[in-house]
Amino acid sequence: MSNWKKTSISRKIFLIFDVVIILIITISCIVPIINLFAYSFSSSSAIMANKVGLIPVEFTTKAYKYVMANKDFWTSVIVSGKRVLIGVPVNLILTIMVAYPLSKTEESFRCRKYYVAYMLIVMLFNGGLMPTYYVVAKTHLIDTIWSLILPGAVPIFNCIVLMNFFRGIPSELEESARLDGANQWKIMTAIYMPLSKPSIATITLFSLVGHWNSWFDGLIYSNYTHNYPLQSYLQTIVTSTTEMLNTSDLKSIMALTGVNSTNLKSAQIFIAIIPLMIVYPFLQKYFTSGLTLGSVKG
Amino acid sequence: MKAMKQKGTKKKSRQKGDQFMFHLMLLLPVLLLFIYNILPIPAGILMAFQNFHPGKGFFGSQFVDFENFRKLFLLPDTLPALRNTLVIAIWKIFGNLVIPVGFALLLNEIKVKWFTKTVQTITYLPYFLSWIILGGILIKFLSPGSASQAPGFFNSLLVNIGILKEPVYFLGSNSAFRQTMIISDIWKNFGYNTIIYLAALTSVDPTLYEAASVDGAGRIRQTLHITIPAIAPFIALMTILSIGNVLSAGFDQIFNLYSPAVYEKGDIIDTLVYRLGLVNKQYSLSAAVGLLKSAVSCILVLVGYKLADKYAGYKVW
Amino acid sequence: MKFKKVISLMLSTVLAFTLLSCGKTAQGTTDTSGSVKDATESTGRAQEDSKGGEIDYYGFDHEVPIKVGFAWGQDFSFAGGDDAMNNPWMDLYREHNIIPEILYEVDSSQAETKLSTAIMSGNYPDVFMINVNEYSKMVQSGVIADITDYLDQYATPELMEYLTVDNGLVLESLSVDGRIYGLPKMGNSYDSMKVMFIREDWLKNLNLQIPTTMEELKEVARAFTFDDPDGNGVNDTYGLALDGVDVITGSIGTATAVFEGFGAYPTSLAFIENEGEVVWGGSLSDEMKAGLTILQEMYTEGSIARDFITMDSNSIFEEAGAGRCGIFFAPMWGAMSASYNTAKLDPNAMFISAPVPDGSGTGESKALFKSGYDTIYVVSSKCENPEVLIKLMNLSVQKLCHPESEEEFIKYTSYQGEGDYAVWKVSLTPTLEPLKNYDNYLKISKALISGDEQELNMEQKGNYTAIKAYLDMLEAGDFDADDPTFQAGSGLYTVFGNPQGSYAALETLIKADRFVYTAYNTLPNEKMSEVGPTLNKMLVETIVKIITGDPVENYDSFLSSWKAMGGDEITADAQAWVDSVK
C-alpha cells in the first residue's frame, strides 16, 4: 500500500475494479446463508408474504423452539456425531496403512505394483447401487453405524494424497532409522507420521467433512428414522412436499401453530451448518499446505 | 567376511521383515475393499445381463444377454440423460478450471494479506456445505415467486437492479436448469479450487517478474507471458485428470434440486440409475446403465492417466 | 408419484378425522339410517358364521409371523405411549395369532426406495401396499402372490361388500388372466371430483352472482382482478388461480375442471364413450378448443396470474390463503387451509363452492366419474400364509366400517382430544368406509339446520362440534385464527357445513347424475404405461402454450401428433377392452 502513490492511474483503476469484483463474488458466497438465517428467525406470515430478505422480519424464535423439542432432529445429530467419532479415526488409520507401504519404491516393497493395480481397479469400477446394497445387507450392516463406516472405510483419494506426501520425505531418514534397527512400523510411526502433520490434518479434514455431509448411505442403509444421520434426516424434510398446515389433523395443527415449514426447515438447516462454520476457518492453514504439498509435483 | 555376510543376512531378514510388515498393514484395507468395493462388481455385471428376479436372486434369475441394453436404448429417458450428463459435466469441468484460475489471478494482484486471507476463508465456505443443505437454501433463494408475490432474494435483486425483466424459474424451467446447476456447482467449489491455484501462482519465481518489469513489461504482459505459462502444466494436468469424471455430472446436486419438470434437460445418468432401480424396481435396467457408465468412465480415466503421464510426467500412483 | 402420495395422505386425513359411520351407503342410495345398532347386528352375524364353521376369518390357530414395513407421513405421530409395535391394531393382530415383525419404519418420502431395496435383497414385507401403476409389473415379476382362491375362501360378507361398492369395477380391473393379485383400497369417486371455490365476500362486495356459465366465469374473474373486490384500494387481487406445473395431473387449481365444463376430459387415459365409440376425453377437439379459448382470453385480460406457469398446488394454497386469488378449482377438500388463512386477513372472508360452470350451453356441466382407488394391498409371494391378507382386511373392514360399539370405534380409528392420534393409519390394511364423506355431509348439514345431534356418529359429532364452535366464534366477531379449533372448524365448514359448501355442490351433481362415466375401467396396459407420460407431457406443454398466447388451432396439430405417437393405438386397445366386456 505504501506504493499506492507510485502506481499509475490505469493500474489504480484496475485494482479498484479488481477489489470490487472480488468483493461481489465473495459476498455472494455468504448471502444465501444470511438469507437462510433470516428465514429461520422470521414469522410464518412474513415468509408467506415474502417480505424476508437478509434481515429477519417479525422476529420469532418459534421455529428454533420447535427444533429443540424435535427428538428426531437431535437423534440424527447424535448418529452423525457417532459416525464422525468412529469413522474419521478408522479412515485415518486405514489411509495411513495404505499410503505408507505404497509410498515405497518398487525396490523396497516387492509387491507394490500388484497392490497399486488393486487400488486402481477399486477406483475405476463401481459395482452399482443395488449390488452394493446387497453386499451391505448380507453382511448384516443394515441399521448399524458400521453401514456408514465400512463401505467407505478406505478413501482412495486420501491415500493418494498422503502417499505422495510420504514420498516427499527424504529417504535418508528411513535409512538412518534402519541402521538403528527400527522396523517399518517404528519408522512409520516415529518418523513419517510426525513429519506429515499437515497432510494428515488435511485428510482428516476431508474425512470429517465427508462423513458429516454424507446422506445417501444413511437413507438406504437404515430401516428406521432413528438411525438416520443428520444429513439423511434433513433430506427427508428439505424435499418433502407436505405442507404441514394443510393437514386437518387437529393435533398436527396444534403442534405447528405459528410454525411454517420454511422457517422450520431453515432453522434445522442452519443448526446443521453451525459446527462446520465454526470449525473450518481454523483448518485453513493445514488445508492449504497439506493439499498442495502432497499432490502437486513439478 | 563373516561380518559382511552377517550384515548381508541381517539385511535380508530385515527386508523380509519389512515385506511382512507392509503386507500386514495392507491386509485390513484390502479385505474391506474387497468386500464392499470389489464384490459388488460381478454382482452388478450379473444383474445387467439377467432379468433379475428378486425372488430367485443372482443364481436363479434367467440370463437375457443383451436384452437389457437393447431395452435401455429404447427407453425415452436414456438419450436425454446421456446428453445432459455430457453437457453438464463438461461445462462444470471447464468452469471449475477457468473461474478459480481467474479468481486466483485477480486475488494474486492484491497484496494485502488480511484481505486475501479473509476472502479465501469466506469463499470456500460453500465447499463444505452438503447439497442437502445447499439444496434447501437454494430452493428458496432462487424461487421465482408467484402472482403478485415477491420472488426469492436472488430474483428480487436481479429484477430490482434491472438485469432481469421478470423472475426466472431457475430450478423449474428446462431453459435455465442446466445453467443453474453448472453455475451453482462452480460457485460451491471455486473457493476451494482457488486455494490450490493460488498456491501454484505463489510458487512462481518472483525474480521472473522483476526481470520482466525491468524490461518494461506491464502487469498484463507479465501475466500473459510469465504467470500463465508457469501454471499451464498444472492446469493441463487438472484438466486431463478430470476426463474420467465426464460421466459423473453430480448426483448429489441434481438429485436434491431436480424435479420431473426438468428431467428433459436435467436428468443425468446417475439419477436415471437411481430412479430405475430404487423407484421403478427395474433392477436389471438400472444395473445395465450403471455397468455402461462404469465401463466408459474406466476407459476415460485410464486415458487421462496415460496422457497425464505422457505430457506432464505425472504419475498418479 | 410423490404428489400422488401427498394427495392420498391429505385425502386420507380428511376422510378420517375421527370415527367412521357405519351406515349402508351404497352408491346412489341415501339410506343413512346407519346407527350403532345396525352395526352390531351385522358383525354379530359374521362372527356367528366364523364360530359356527371351521374357517377362521380373522386369524389363525397357531402363531403366524408376518413381516411388515411402515412409512409414516410427516403429519402422523403416535401418542399416549403407543408406538409401531404397541397400539390397538398390533394388539388386535396378535390376539388373532398374527404376529407382525417390523422390517423397517421410515419417513414416507423413503417408502418407495425402502421397498425397492427390500425386495431386491429378498427380504421384504409380507403384506404391503402399492400404487396401482406398479400392479402389473409386480404381478409379472412374481413379487406378489395370487390370492384368487383365498379371496373366495376367506372373505367375509362385509369385505366383499366393501370391495364391490362400485359394482365390481375395480376387482374386474385387477384381474390378470382371471386371477387376482391384490385387493384395492376402495375410494370415493366423489372425493376427487372438482368443484369451483370462490370468494363469497368478494362477490357480495361487487354485487355479483356465482357464475354458472363460462362467460360469467370470465366476467367475474375480470371483476375480481380489476374492480378491487376486497375493497382495500390496492390492486392486489386477481381472478383465477391455475396450476401451471401439473396442469392436468394435479388436483388443486387444475385446468381440467374448465375443460370438463365444456364436456372434454383430457386427463391421462380417461376414455369415455362418445357417439358410440370409445375415445380419449381430450380428443374432443371443439370442446377442448372452446375451453382453451376462454382460458386464453382470461389470461390475456389478466384475470389469470401472469406467472401461473410456475405455480403448483402448494402455490395455489398460498395464493388462496393470502387472499390474492378469488377463484380456483379443486376437490372438495381444496379450501380447507385457505379458509382459515384468509380469515386471518379478513374476518369476512369466505370460500363457497359451486359446480363447475357450464360451457356447453346445456346449463349443466358434468364431472368425470371414475373408480376411486389407487392403492392396492398385496401379499408377498414368499409369504407362507398368503391368506393372511384376506384376514387382515376382514379385520380392518370389521373394525373400521362396522365397529361394535363406540368404544371400539374410538379404539381403532382416532379421537379428538389430548394424547390421541389417527389410529386407523396404523392398520396394515386400512379400509375406510368409501362413501363416508358423502354420508358425513348429509348428516352434518342436516344437524346444523335442525340442531339435532342424535343421528350423528362419533366422527360426525366431532366435525359438527368443531363447525359449530367456528360459527359461534365468527358470529361473536372475536376469534383467533391461530386457534386449532377455529382452523379445523373453518376448514370443515367449507366441506360439510356451508349450505354452499363443496359437498353441497357435489350433491347437486349426485342428485342429477351429472356424470360422464369412464369407459375403460381396467389397468393401463403396457403400451399405455409406455406412451402415457410422453403424451401427457405434450398435452401439458400444448395447453400452457396456448393459454399464454399460441393460436388455439395448434390444439388440432397436437391431436394429430397425439394420435401418431401412440394415441390411436391405445384408443384402439381401450375400444377392444370395452367391446370384450360388453
Side-chain angles (χ1 to χ4, degrees), chain A residues 1 15 18-19 21-22 26 29-30 32 35-36 39 50 53 94 97-98 100-101 108-110 115-116 118 122 124-132 134-135 139 150-151 153-154 160 183-185 209 213 215 231 234-235 238-239 262 265 269 272-273 276 280-281 284 288 291-292 296-298, chain B residues 17-19 21-22 25-26 28-30 32-33 35-41 43-44 47 103 106-107 109-110 112 119 121-123 125-126 128-130 132-133 135-138 140-141 145 149-150 153 191 195-196 199-200 234 256 273-274 277 283 286-287 290 294 298 301 313-314 316-317:
Chain A
M1 264 346 208
L15 282 177
D18 194 14
V19 171
I21 295 179
I22 292 179
T26 309
C29 288
I30 36 171
N35 188 226
L36 178 79
Y39 273 131
N50 239 301
L94 292 178
M97 299 291 206
V98 169
Y100 184 70
S108 56
F109 182 22
R110 290 290 162 71
Y115 281 102
V116 168
Y118 189 79
V122 168
L124 293 176
F125 286 105
N126 185 313
L129 221 50
M130 289 305 200
T132 313
Y134 192 80
V135 173
T139 48
L150 293 185
V154 185
I160 297 182
N183 67 8
Q184 286 297 346
W185 179 262
V209 172
N213 283 344
W215 57 278
Q231 302 284 341
L234 282 181
Q235 207 274 344
V238 158
T239 55
T262 305
K265 283 183 205 173
I269 294 177
I273 61 179
L276 279 175
Y280 95 101
Q284 191 184 7
T288 331
L291 181 65
T292 53
V296 182
K297 288 192 91 163
Chain B
D18 279 356
Q19 301 299 305
M21 194 94 291
F22 289 149
M25 285 179 182
L26 284 163
L28 190 55
V30 165
L32 282 175
L33 284 175
I35 301 176
Y36 295 107
N37 293 65
I38 304 269
L39 270 187
I41 298 178
M47 254 168 69
F103 194 70
L106 283 180
L107 209 53
E109 295 299 313
I110 311 289
V112 184
V119 163
T121 309
I122 296 181
T123 55
L125 172 62
F128 289 104
L129 305 179
S130 69
I132 309 276
I133 293 191
I137 295 179
L138 286 179
K140 263 296 172 181
F141 191 72
Q149 181 186 31
F153 189 85
I195 294 180
I196 301 181
F234 185 59
N256 283 298
V273 168
Y274 171 84
Y283 304 114
S286 173
S294 259
C298 171
V301 168
Y314 184 74
V316 179
W317 285 98

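Letters go in sequence order (proteins before strands), and every chain restarts at 1. The basis for the numbers below is simple: all heavy atoms, side chains too, and nothing from hydrogens, waters or symmetry mates. Worth saying up front: this structure is predicted, and the values here are computed from it rather than measured.
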task: Determine, step by step, whether W215(A) and L234(A) satisfy the side-chain contact (heavy atoms from CB on, under 4.5 Å) criterion, reporting the C-alpha distance in whole Å, the side-chain angles of both residues, the deciding distance to 0.1 Å, and the verdict.
output: CA-CA 9 Å; W215(A) 57 278; L234(A) 282 181; over 6 Å; no

Drop me the distance from [X]'s [atom1] to [Y]'s [atom2], to the nearest 0.5 angstrom.
X       : Y       : atom1 : atom2 : value
L39(B)  : T139(A) : CG    : OG1   : 9.5 Å
M25(B)  : Y115(A) : CE    : OH    : 11.5 Å
N35(A)  : I30(A)  : CG    : CD1   : 12.5 Å
T121(B) : I195(B) : OG1   : CD1   : 7.5 Å

Counting only heavy atoms closer than 4.5 Å, note whether [X] contacts chain A via side chain, backbone, both or neither.
X       : value
L129(B) : both
Y283(B) : side chain
L138(B) : neither
L32(B)  : side chain
F103(B) : side chain
P29(B)  : both

Quick check on the interface: out of [options], who has the most heavy-atom pairs with chain B under 4.5 Å?
options                            : result
C29(A), G127(A), P151(A), S108(A)  : C29(A)
Y100(A), F125(A), Y118(A), W185(A) : Y118(A)
I21(A), N183(A), V122(A)           : V122(A)

L276(A) and N213(A), any side-chain heavy atoms less than 4.5 Å apart: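 When only atoms from C-beta onward are counted, L276(A) and N213(A) do touch, with a gap below 4.5 Å.
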
Residue part contacting chain B, namely of [X], when any heavy atom lies under 4.5 Å:
X       : value
V154(A) : both
L36(A)  : side chain
L94(A)  : both

query: Looking only at heavy atoms, what is the nearest atom pair of N256(B) and Q235(A), with distance?
result: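 That would be OD1-NE2, 3.4 Å.
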
query: Side chain of S286(B), backbone of V273(B): donor and acceptor closer than 3.5 Å?
result: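 Yes; judged by distance alone, with no hydrogens or angles, the pair exists.
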
message: Parallel, tilted or perpendicular, judged at 30° and 60°: which one describes the rings of F109(A) and F22(B)?
response: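 Ring orientation, 0 to 90° scale: tilted.
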
query: So which of N37(B), I35(B), L28(B), I137(B) has the biggest tally of heavy-atom pairs under 4.5 Å with chain A?
result: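 Heavy-atom pairs under 4.5 Å are most numerous for I137(B).
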
